Amino acid sequence: MNTINRRKFVKESMKITTAAAIGSSLLMNSEYASAAPAGLLFAQVPLPYGYNALEPHIDSMTMEIHYTKHHMTYIKNVNDAITAEKINFATEKEFFANASKLSMKARNNGGGSWNHNFFWQVMKPAGGTPSGKLTEAINGTFGSLDKFKEQFSQAAIGRFGSGWAWLVSDGGKLKIGSTPNQDNPMMDVSELKGTPLLCLDVWEHAYYLKYQNKRADYIAAWWNVVSWDEVAKRMI
Ligand code: MN
């Protein structure tokens, strides 16, 4: 680099540095001005039980890593995307109804944030069995609780790669299905549509430490920790 070019380089570098400094302070201000008060940001719900509460069906280390690493990262990344891309929706419902217009970062991490918040809530130690209206609805649609479990388990086992199994209410009708990656039935891009009543994470990170490749064993054990009260609460 000759002297003239070097001077020019230094001068240009200084301009860039100054512009970057101004830019970043503007960005910080606009973060406060636009994203925080007006639009939706995602928050991680507190885990309603301890990391070891779902033992032996879901082990403590899996729960801790799942909650503090995987889920927390989805929350951070979706909020980064919302801020950087100036995504402005008032509600989660509206956010997912517009999934087709979102970047893959916003869609995947938004789904990951919501799906896990929901997943933690539909589990509890000693989940019990369904009762009342929920039992009637399950029997009416699937024939029996066992048949429902069989069909749901098949949807979970049959999901190739990473994804979720769901029970949804679609206009009052119960439906079972699955979604790939971190998609959910509230997304306009989802084939399965409806209000989620129950979900199961079948990403390997949800079971690999304890069950390795045996997804079916994880699913069979998971039925012991389904919180049927939470499912019933969400029925329309
Ligand atoms: Mn997960």
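All figures in this text were calculated on a predicted structure; none of them were measured in a lab. Counting convention: from 1, in listed order, for ligands and their atoms alike.
When the N, O or S atoms of His116 are ranked by distance to the Mn ion (ligand 1), NE2 comes first.
At a cut-off of 2.8 Å, His71 does not coordinate the Mn ion (ligand 1) through any N, O or S atom. For the Mn ion (ligand 1), the N/O/S atoms of His66 include one lying under 2.8 Å.
Partner His71 forms a side-chain hydrogen bond (donor to acceptor under 3.5 Å, both in side chains) with one of Lys76, His205, Gln44, His66 and no other, that one being Gln44.
The six-membered or imidazole ring of Phe118 lies away from that of Trp164, with a centre-to-centre distance of 6.0 Å or more.
Angle subtended at the Mn ion (ligand 1) by His205 NE2 and Asp201 OD2: 120°, rounded to 10 degrees.
The closest donor-acceptor contact from the side chain of Asn79 to the backbone of Phe42 lies under 3.5 Å.
Taking the six-membered ring where the residue is Trp, Tyr74 and His116 present parallel rings, their angle staying beneath 30° rather than reaching 60°.
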